[in-house]
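Contents: one structure, followed by commentary.
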2 protein chains.
Amino acid sequence: MPQLTLTAMDIAGRKDRATRAHDQRERIVDAARRIVLREGLAALSMRKIAEAIGYSPASLYLYFEGRDEIAEALGREGYAQLLAYLEPHACADDARERLHALAHAYVAFGCDHPQTYELIFMMHRGRQQQAGPHAHRQRDAASKPPASDARACAACGAQLFAATLSELILARGAHADCGLLAEALWATLHGVVMLTLARAEFAPAAPGPLIEAALDAWFGERAAATLPPAQTSGAASC
Amino acid sequence: MPQLTLTAMDIAGRKDRATRAHDQRERIVDAARRIVLREGLAALSMRKIAEAIGYSPASLYLYFEGRDEIAEALGREGYAQLLAYLEPHACADDARERLHALAHAYVAFGCDHPQTYELIFMMHRGRQQQAGPHAHRQRDAASKPPASDARACAACGAQLFAATLSELILARGAHADCGLLAEALWATLHGVVMLTLARAEFAPAAPGPLIEAALDAWFGERAAATLPPAQTSGAASC
DNA sequence: GTCTATATGTCGATAGAC
DNA sequence: GTCTATCGACATATAGAC
């Protein structure tokens, strides 16, 4: 049965091809990650990636549509890194303890891995239309999903804290709009990170005490009974 | 007295020259501002500025050392704009009312003038070393002051709120570390703005209620007695 | 599948004529 | 003081040979 054998080989060949393509994509992303970690997202370019893996720039287009797709892959990866980094800090039994640990870890991650944090939350800015003459075609084509998994990450920043926060509040018998407070908490931590990364002059002298003060005022023991009630507008309460 | 006349003319001439130079600088900055407002800071280039005012790119270097100096001038201007925007919102007699108005106005300014906000707080990022081959000379020369008035703006973000905040807290007889809380408040508002500017998916559904919730939890009437005490570490208390 | 070569555009900054 | 011309570098992306 030569047909069967041929079919089997076809399948094997297809698998091989798929695997090789996958490996190449990984090599490319690896090189891209090294560049971003060393020089920042703004310095990422097809040429540099190609040079780093001994390719010609043209070959990269066999595996990725362009720079943006590579950057997006790095962003996904970065978000996974952030989650992995936070996970061990979410193990405390006490909700309050857990919330504090998570908050400090979040800021620590952002400050210690600025390039990765930038990848996650700042993919958009700069280099808006600095591309070549064919960029508009790319843009039109890429306008299908503004970001394939953007919605998945959407409120994820807040959701990182929402569960713990709701547990904390419920345990105290208080009734508050957890979604709103989680967003506020996320914004605060994000703000601390961004101010720190923006300029040394903007950074809070000591982020640690600042985070403590913020959490204490919001969720400290003495604040237990004073949380604002769920509001009529906006996000669903917990 | 020909000497005197000559001297007088010299002085007049010098004044003229200085005035003209000043006018030219203004023309340049005006054009630069228009470009940034229309296309963002990343799109600001010497060539575009020159074209906008009918100059050759080379001529700009007679009035500015380079792109960075122009951007810095725009940043100063943007900060002044922010202050001017906030001022009318700081007129309420009641400290609590004033704090709320300031907070909302701050976020509104950032969201409504993203390019200007970027100019103030994100001058640093991207385009780090995207310049030409002679950029290193520039960098060496410019390394005297990392930013001439950076120190002046340093904790200004927090200071925008510190006075009102301290008044509010003192009025209630509570004792808290105003500096720390002011920084936390600033970080929160900055975070809200940045998340909003970064991506629609990140932005809080409604910034208004979020700000209200944050302020209420921190400084709401029911939170009056529960503010965290001044801490031993960090900034000076008020 | 990979590369060379190229098209097309961007930029900062300078030298030297006028 | 202003411009032309240019240097030297960056980029995205494609066409077509091998």
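Lettering of chains follows the sequences in order, A, B, ..., and the numbering in each one begins at 1.
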Check: Taking five pairs at each end, how big is the angle between the two axes of the helix from C/dG1-D/dC18 to C/dC18-D/dG1, to 10°?
Finding: 20°
Rounded to the nearest angstrom, tell me the gap between atom [atom1] in [X] and atom [atom2] in [N].
X	N	atom1	atom2	result
B/Glu51	D/dT4	CD	P	13 Å
A/Phe64	D/dT12	CZ	C1'	16 Å
A/Leu60	D/dT14	CG	P	13 Å
B/Asp68	C/dC11	CG	P	15 Å
B/Ile49	C/dC11	CD1	P	11 Å
B/Glu65	C/dT14	CD	C1'	14 Å
B/Arg67	D/dA9	CZ	P	21 Å
A/Lys48	D/dC10	NZ	P	8 Å

Next item on the list: Output yes when B/Glu72 and B/Arg76 qualify as a salt bridge under the 4.0 Å nitrogen-oxygen rule, no when they do not.
Entry: yes
Item checked: For A/Leu74, the option from A/Leu41, A/Leu44, A/Ile120 that meets side-chain contact (heavy atoms from CB on, under 4.5 Å) -> A/Leu44
Check: From D/dA11, D/dA13, C/dG12, pick the nucleotide closest to the side chain of A/Tyr61?
Finding: D/dA13
Item checked: Nearest-0.5 Å distance that lies between atom CD1 in B/Ile28 and atom CG in B/Leu60 ->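 Answer for the CD1-CG pair, B/Ile28 versus B/Leu60, is 5.0 Å.
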Next item on the list: Measure the CD1-CG distance between B/Ile211 and B/Leu102 for me, rounded to the nearest 0.5 Å.
Entry: 11.5 Å
Could you go over nucleotides 3-6 of chain C and give all protein N or O partners under 3.5 Å, atom names and distances?
residue, atom, partner, partner atom, Å
C/dC3, OP1, A/Gly54, O, 3.4
C/dC3, OP2, A/Ser56, N, 3.0
C/dC3, OP2, A/Ser59, OG, 2.7

Item checked: Test side chain to side chain donor-acceptor pair (under 3.5 Å) applied to A/Glu69 - qualifying residues, sequence neighbours left out ->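 Side chain to side chain donor-acceptor pair (under 3.5 Å) list for A/Glu69, sorted by chain: empty.
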Cut-off 3.5 Å, no hydrogens considered: what does the side-chain donor-acceptor table look like for residues 187-198 of chain A, sequence neighbours left out?
residue, atom, partner, partner atom, Å
A/Thr188, OG1, A/Ala184, O, 2.9
A/Thr188, OG1, B/Thr188, OG1, 2.7
A/His190, ND1, A/Tyr117, OH, 2.6
A/Thr196, OG1, A/Val192, O, 2.8

Next item on the list: Could you tell me whether A/Arg27 sits above the aromatic face of A/Tyr63, with NZ or CZ closer than 6.0 angstrom to the six-membered ring centre and within 45 degrees of the axis?
Entry: no
Notebook entry, point to check: Cation over ring, B/Arg25 on B/Phe64, under 6.0 Å and within 45°?
Noted result: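 Yes.
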Check: So, do B/Ile53 and B/Asp30 sit near enough that their side-chain heavy atoms are less than 4.5 Å apart?
Finding: no
Note to self: If you take any heavy atom closer than 4.0 Å to DNA chain D, which residues from residues 21-37 of chain A end up in contact?
What the structure shows: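 Those residues whose heavy atoms fall under 4.0 Å from DNA chain D, taken from residues 21-37 of chain A, amount to none.
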Margin query: Applying ring pair (Phe, Tyr, Trp, His ring centres under 6.0 Å), can you list everything that pairs with A/Phe109, at least two apart in sequence or on another chain?
Written below: A/Tyr85, A/His113
Notebook entry, point to check: With a non-hydrogen cut-off below 4.0 angstrom, is A/Tyr63 in contact with a base, only sugar-phosphate, or nothing?
Noted result: sugar-phosphate
Next item on the list: Please check if atom CD in A/Glu26 has more than 12 non-hydrogen atoms from other residues, nucleotides or ligands closer than 6.0 Å.
Entry: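 Yes - once you tally the heavy atoms of other residues, nucleotides and ligands closer than 6.0 Å, there are more than 12.
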